[in-house]
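Since the structure comes first, as structure tokens, the remarks are kept for the end.
Below, read A as the first sequence line, B as the second, and so on, with proteins coming before strands; counting in each chain starts at 1.
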There are 2 protein chains.
Amino acid sequence: MNVNNKSNKKRRRRTPEEARASIMEVAAERLGRLGLDGLNISGVAKAAGMSHATVIHHFGSTGAMREALLQKMTRELLSDVMEALQHEQSADKVLERLFSTLSRDGHGKLLAWLALDSQLAGFDSTTSTGDLFKNIIDSIASESGSRTDAKHQVYLVAVAALGLGICGEVLAKLVGLSEKEAGQFPSWLAEHLQTL
Amino acid sequence: MNVNNKSNKKRRRRTPEEARASIMEVAAERLGRLGLDGLNISGVAKAAGMSHATVIHHFGSTGAMREALLQKMTRELLSDVMEALQHEQSADKVLERLFSTLSRDGHGKLLAWLALDSQLAGFDSTTSTGDLFKNIIDSIASESGSRTDAKHQVYLVAVAALGLGICGEVLAKLVGLSEKEAGQFPSWLAEHLQTL
DNA sequence: GTTATTATCAACATTATTGTAGATAATGAG
DNA sequence: CTCATTATCTACAATAATGTTGATAATAAC
């Protein structure tokens, strides 16, 4: 009569890479939906359809799993930005692309989490990142204006994209922006920056 | 010889208001330094020099304590903004004040937490807030430009202040802004907005 | 002083989460 | 098929956080 609870579902044996990948996928979704609280072993494991012991087996600990996810997302963010900028020439286009990339795909949220969570080893302002921004600024400064102005423009785009990525919807509602107007904001900003 | 652990420190009996106030104070400090993780009963109680049962006695539960703190901070943010704007006339000054107020005192962090934490009952876009922004936009639109432009300007200031409040230091370093240049950013932005 | 109130605490109970250990089964190699 | 590897699971242990209870002491009112 199958009174005991032994569930008789078959085990699925994944390759290590496959297992890690699906764990990362589920964890990313939960990070976006639930915030850092969503990144606990139990919850992630359950959502991924495996026991939490399995997750620990693959990552070693909760902290290591979090770190792995955030490193992966940081890599993706950087590569997104670099790829977006590689093929743009004019300064205003560069800023527009930078803005749209940073404000998309939860990149803003990611950076905010990195900045807000005291436990995480802060953003490594490693060589590649620094070089990236240096190149952007060089290209803008060479076109027109001072170097300080160029820095300020990039800074503005970065902080605005960040804020938009985090609180964009809420603030749009508060300010009274219609959906259409909100959609026009990136190009409005780009156009505006061009006229410096 | 006092072998036993009975600590013989006297109890301090605070008024309920006093107790709640010092708990809020400690909690705010911890929120700024440790993030939302710092807002647990045990930690707050220990930092405030009382047992966690006492904190529960005054607020009912951990969740209620968090909510109380965040409501208090939200009230303060709104009153800060309103007060800052009440005595400004020209549009660019209004935007400058809005920016500086939002980017100060961890207001950006607060908004980010509200937006990022899924458990919290989201920002209540209550009447007063909506009216506040409506007034700002009216005053800017009346001076010059279209209403949509005014909204976009306010939106830009808001998201930028937010981003600055969260990741300002990190991004400044990344972009290569010197401390002096970073300090000039608000006025640079105000001047820039003026030229629309 | 006596009493009533209640802020405070220590100790316990409960729950959630993390991590560990040993058993089991899926898969590939031979 | 047989064997070795190891991904996976269940069950347990350890820890931490939350909330409850009953006792205690500080303060105000009388």
Side-chain angles (χ1 to χ4, degrees), chain A residues 2-27 30-31 33-70 117-120, chain B residues 2-27 30-31 33-70 117-120:
Chain A
N2 208 353
V3 173
N4 60 1
N5 266 342
K6 291 223 168 138
S7 54
N8 38 8
K9 63 179 159 190
K10 293 197 258 315
R11 286 190 190 175
R12 161 104 183 281
R13 187 188 177 101
R14 292 152 273 238
T15 66
E17 298 77 26
E18 194 183 347
R20 288 177 63 98
S22 44
I23 292 168
M24 290 286 94
E25 191 180 344
V26 166
R30 288 174 62 86
L31 179 64
R33 187 161 48 84
L34 304 172
L36 283 168
D37 291 346
L39 290 190
N40 49 21
I41 291 281
S42 323
V44 170
K46 194 173 173 184
M50 56 185 75
S51 76
H52 79 277
T54 299
V55 178
I56 289 183
H57 169 74
H58 284 292
F59 287 94
S61 72
T62 302
M65 185 199 68
R66 290 187 170 196
E67 198 132 333
L69 175 68
L70 294 173
D117 195 75
S118 57
Q119 302 171 31
L120 268 42
Chain B
N2 210 351
V3 173
N4 60 0
N5 267 344
K6 288 222 168 137
S7 54
N8 38 6
K9 63 180 160 191
K10 295 198 251 337
R11 286 190 189 174
R12 161 107 182 278
R13 187 189 177 101
R14 290 152 276 236
T15 66
E17 298 76 27
E18 194 183 347
R20 288 176 64 97
S22 44
I23 292 168
M24 289 286 93
E25 191 182 341
V26 167
R30 288 174 62 85
L31 177 65
R33 187 161 48 85
L34 303 172
L36 282 168
D37 291 347
L39 289 189
N40 49 21
I41 290 281
S42 323
V44 170
K46 194 173 172 184
M50 55 186 77
S51 76
H52 79 276
T54 299
V55 178
I56 289 184
H57 169 74
H58 283 293
F59 288 94
S61 72
T62 302
M65 184 199 69
R66 290 188 171 197
E67 197 132 334
L69 175 67
L70 294 172
D117 195 77
S118 59
Q119 303 171 30
L120 267 42

### Message
Among residues at least two apart in sequence or on other chains, which ones pass side-chain contact (heavy atoms from CB on, under 4.5 Å) with B:Ala47?
### Response
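Expected list: B:Val26, B:Arg30.
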### Task
Within residues 40-53 of chain A, find the residues that approach DNA chain C with a heavy atom at under 4.0 Å, and present them sorted by residue number.
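Contacts with DNA chain C under 4.0 Å: A:Asn40, A:Ile41, A:Ser42, A:His52, A:Ala53.
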### Task
Hey, could you give me each pair passing side chain to side chain donor-acceptor pair (under 3.5 Å) that has a residue in residues 45-63 of chain A? Not counting sequence neighbours.
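Checked against side chain to side chain donor-acceptor pair (under 3.5 Å) - neighbours excluded - the pairs reaching residues 45-63 of chain A are A:Ser51-A:Thr54.
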### Positions of residues 54-61 of chain B (non-hydrogen atom under 4.0 Å from DNA chain D), listed by number
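Contacting residues: B:Ile56, B:Ser61.
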Which atom of [X] lies closest to which atom of [Y], heavy atoms considered:
{"X": "B:Leu39", "Y": "B:Ala27", "result": "CD2-O, 3.5 Å"}
{"X": "A:Met24", "Y": "A:Met65", "result": "CE-O, 3.9 Å"}
{"X": "A:Ala68", "Y": "A:Phe59", "result": "CB-CE2, 3.8 Å"}

Interatomic distance, [X] [atom1] vs [N] [atom2] [rounded to whole Å]:
{"X": "A:Arg66", "N": "C:dG19", "atom1": "CZ", "atom2": "C1'", "value": "15 Å"}
{"X": "A:Glu18", "N": "C:dA26", "atom1": "CD", "atom2": "C1'", "value": "13 Å"}
{"X": "B:Met65", "N": "D:dG19", "atom1": "CE", "atom2": "C1'", "value": "14 Å"}

#### Entry: Whichever of A:Thr15 and B:Gly63 has its nearest DNA chain D nucleotide further upstream toward 5'
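Result: A:Thr15.
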### Message
Using a 3.5 Å distance criterion without hydrogens, assess whether the side chain of B:Arg66 forms a donor-acceptor pair with backbone atoms of B:Leu36.
### Response
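The answer is yes, because a donor-acceptor pair under 3.5 Å joins these two groups.
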### Query
Can any side-chain N or O of A:Arg33 pair as donor or acceptor with the backbone N or O of A:Gly38 at less than 3.5 Å?
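Side chain of A:Arg33 to backbone of A:Gly38, a donor-acceptor pair under 3.5 Å: no, none is there.
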For nucleotides 27-30 of chain D, which of its nitrogen or oxygen atoms have a protein nitrogen or oxygen under 3.5 Å away, and what is each distance?
none

### Query
Looking at residues at least two apart in the chain, or sitting in another chain, which of them share a side-chain hydrogen bond (donor to acceptor under 3.5 Å, both in side chains) with B:Glu18?
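In terms of side-chain hydrogen bond (donor to acceptor under 3.5 Å, both in side chains), with neighbours along the sequence ignored, B:Glu18 is linked to B:Arg12.
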### Task
Using the test side-chain hydrogen bond (donor to acceptor under 3.5 Å, both in side chains), find all partners of A:Arg13 that sit at least two apart in sequence or belong to another chain.
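If we apply the side-chain hydrogen bond (donor to acceptor under 3.5 Å, both in side chains) test to A:Arg13, skipping adjacent residues, there are no hits.
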